[in-house]
Amino acid sequence: MSEIIEPLRGMNDVLAADARWWRRLETVARELLGQYGYQELRLPLLEQTGLFKRAIGDFTDIVEKEMFTFERDGDSLTLRPEATAGIVRAAISNGMLHNQRHRVFLIGPMFRGERPQKGRYRQFHQIDVEAFGYEGPDVDAELILMIARLWRRLGISRVQLELNSLGTPEARREYREALVEYFRVHEDRLDADSRRRLGGNPMRILDSKNPAMQDVIAGAPLLTQHLDAGSREHFESLKQRLSAAGVPFVVNPRLVRGLDYYSRTVFEWTTDALGSQNAICSGGRYDGLVAQLGGEPTPAIGWAAGMERVVLLMQELGCEAPVDEPHVYLVMAGDAAARAGLALAERLRDALPGLRLEADLGGGSFKAQFKRADRSGARFAIVLGDDEAARDVAQLKELRGTGAQQACAQAELPAKLAQALGLDGGRG
Ligand code: ATP
Ligand code: MG
């Protein structure tokens, strides 16, 4: 035998038992986003490396150490580590931003070369939502209300919303000086990453996950004290709108977000049900990014939810997921029955479009087929022998509960199944 090929670290095979949870999340999210007027985009997984360097910024974990980058035909290409940069690139490339407003979303995989652990993977998936051309704060509030509704629809509880404002780039410059001054005094307590960031982008230090750094970070000056009047007002109206809509939040003046391009509103939803990978959704306003990537200056805001973590949370909280089991398992005993069986199955599918019917293919003994019928999780078996096939009847047997079995005309099966399974009739 040849050697088996190992899966890649941090990349998951989602098998059937989990896939139904993913389907639930995607279905609910797509429907809800559509209801708020957001339209779906599907974009390449690969972009020029320069896009992410320019958008996300040096001195970020992503650009410094997490990108999957390779050369092809002399170009440096990178698997997208997040969605916003590619969406902005696409909006510019397709001329979507000239005096226009757009609300869009994208669902798909992202790639970051992180150390894999529960809730942290190298290929992970995001639901990413962006609105272009809106100054806010109404859109800021609506985006957050939309997420709150997403949690409600999925049955998710135990989440908390944290909010902050990062002000304008001008306000941040002033703050930056105060930060540098503080961290210079405490330089001996900084780790190597943070020392490097001190010269480049000191705000990134606040985002450090190193436990040994948390004390010195806790003593750092706050951006709140340097907010400009416009940002302050923007933030106040956002908070009022959320309160008016009954969405609770906590202002966290230390929330800075990992990416470089944010301005004003930033927020993060966390949960206490998943251990240390506790951030399930984060976002914010990035009014400067479009221009920074060569487009016309356009206000913009968005958020991204980590789907693996949301799925884990749904499972942890015992939320609902769609069932995959067939309603009916078709057992066919004998040659004539096997020939008639597939046609019968098609007639049932025509009559009942919602029917999940699994036919036993490949034949085998009656006993073996029944074993498979049981294992399938179906509620009913339809049993067709040569004799029944010749008379256009079949046996309908309950596989759960009483196990009752009755002979009935094949023509009556749709009505009987529709009633027992609560299915609508119609054309399949
Ligand atoms: P974290 O603080 O957990 O590293 P982040 O700030 O890097 O998250 P973002 O870049 O804002 O995360 O991405 C948005 C969401 O995507 C996160 O809130 C999280 O749910 C999810 N996410 C980010 N990185 C990963 C990963 N490596 N594996 C799984 N989910 C992830
Ligand atoms: Mg991260």
Side-chain angles (χ1 to χ4, degrees), residues 12-31 153-155 311-312 314-428:
N12 298 310
D13 302 319
V14 177
L15 304 184
D18 282 327
R20 62 200 189 95
W21 295 87
W22 284 79
R23 208 165 65 239
R24 164 93 178 144
L25 171 56
E26 282 185 21
T27 308
V28 169
R30 276 208 173 82
E31 184 183 72
R153 285 220 182 141
L154 292 170
V311 165
L312 282 169
M314 287 164 71
Q315 293 174 336
E316 177 74 29
L317 298 174
C319 300
E320 267 179 60
V323 280
D324 276 341
E325 288 84 28
H327 297 116
V328 174
Y329 195 94
L330 175 61
V331 171
M332 295 163 279
D335 289 344
R339 279 193 299 276
L342 285 191
L344 170 62
E346 287 304 302
R347 285 200 301 280
L348 293 175
R349 292 183 177 112
D350 285 343
L352 302 168
L355 181 68
R356 289 193 304 275
L357 183 153
E358 202 173 309
D360 188 276
L361 301 177
S365 75
F366 205 63
K367 198 172 148 204
Q369 291 196 45
F370 252 104
K371 230 186 202 160
R372 290 195 284 265
D374 257 333
R375 233 182 295 143
S376 76
R379 266 187 63 195
F380 292 98
I382 292 178
V383 186
L384 195 63
D386 287 346
D387 175 47
E388 278 102 355
R391 292 187 293 126
D392 287 332
V393 298
Q395 301 284 335
L396 183 62
K397 181 176 166 56
E398 264 190 58
L399 292 171
R400 306 269 168 274
T402 64
Q405 179 167 331
Q406 51 170 305
C408 59
Q410 291 179 10
E412 284 170 19
L413 281 171
K416 279 204 169 17
L417 289 172
Q419 207 207 354
L421 298 165
L423 294 174
D424 286 336
R427 295 190 59 79

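As a basis for the values below, the full set of heavy atoms in this structure was taken, side chains included, without hydrogen atoms, waters or symmetry mates.
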Q: With side-chain hydrogen bond (donor to acceptor under 3.5 Å, both in side chains) as the test, would you mind laying out the steps for E388 and Q395 before giving the verdict?
A: CA-CA 8 Å; E388 278 102 355; Q395 301 284 335; 3.3 Å; yes

Which heavy atom of [X] sits nearest to which heavy atom of [Y], and what is that distance?
{"X": "L423", "Y": "G354", "answer": "CD2-O, 4.0 Å"}
{"X": "A373", "Y": "S376", "answer": "O-OG, 2.7 Å"}
{"X": "A345", "Y": "L357", "answer": "CB-CD2, 3.8 Å"}
{"X": "R24", "Y": "R153", "answer": "NH2-O, 3.0 Å"}

Which side-chain N or O atoms in residues 322-337 pair as donor and acceptor under 3.5 Å with protein atoms at least two apart or in another chain?
| from | atom 1 | to | atom 2 | distance (Å) |
| --- | --- | --- | --- | --- |
| D324 | OD1 | R23 | NH2 | 2.9 |
| H327 | ND1 | R356 | N | 2.9 |
| Y329 | OH | D360 | OD2 | 2.6 |

Q. Can L399 and D374 be said to form a side chain to side chain contact (heavy atoms under 4.5 Å, CB included), step by step?
A. CA-CA 7 Å; L399 292 171; D374 257 333; 4.1 Å; yes

Rounded distance (nearest 0.5 Å) linking atom [atom1] of [X] with atom [atom2] of [Y]:
{"X": "E31", "Y": "E26", "atom1": "CD", "atom2": "CD", "result": "13.5 Å"}
{"X": "L344", "Y": "D392", "atom1": "CG", "atom2": "CG", "result": "9.0 Å"}
{"X": "R347", "Y": "L342", "atom1": "CZ", "atom2": "CG", "result": "11.0 Å"}
{"X": "L25", "Y": "R30", "atom1": "CG", "atom2": "CZ", "result": "10.0 Å"}

Q: Please answer whether the main-chain N or O of F380 pairs with a side-chain N or O of E398 as donor and acceptor at a distance below 3.5 Å.
A: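 Judged by distance alone, no pair lies under 3.5 Å.
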
Q) Got a donor-acceptor contact below 3.5 angstrom from the K397 side chain to the I382 backbone? A)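 No, K397 side chain to I382 backbone: no donor-acceptor pair under 3.5 Å.
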
(Q) What verdict does the side chain to side chain contact (heavy atoms under 4.5 Å, CB included) test give for V14 and V311, after you've listed the backbone C-alpha separation in whole Å, the side-chain angles of each residue and the deciding distance to 0.1 Å? (A) CA-CA 11 Å; V14 177; V311 165; over 6 Å; no

Hey, does [Y] have a side-chain heavy atom less than 4.5 Å from the side chain of [X]?
{"X": "C408", "Y": "V393", "answer": "no"}
{"X": "L396", "Y": "Q405", "answer": "no"}
{"X": "N12", "Y": "D18", "answer": "no"}

**Q.** Audit row: Q406, K416, side chain to side chain contact (heavy atoms under 4.5 Å, CB included) steps and yes/no
**A.** CA-CA 11 Å; Q406 51 170 305; K416 279 204 169 17; 3.1 Å; yes

Q: Not counting sequence neighbours, which residues clear ring pair (Phe, Tyr, Trp, His ring centres under 6.0 Å) with W22? List them please.
A: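 Testing W22 for ring pair (Phe, Tyr, Trp, His ring centres under 6.0 Å), a comparison that skips the adjacent residues, returns H125.
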
Q | Results of side chain to side chain contact (heavy atoms under 4.5 Å, CB included) for E320 - residues two or more places apart only | A |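 E320 satisfies side chain to side chain contact (heavy atoms under 4.5 Å, CB included) with no other residue.
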
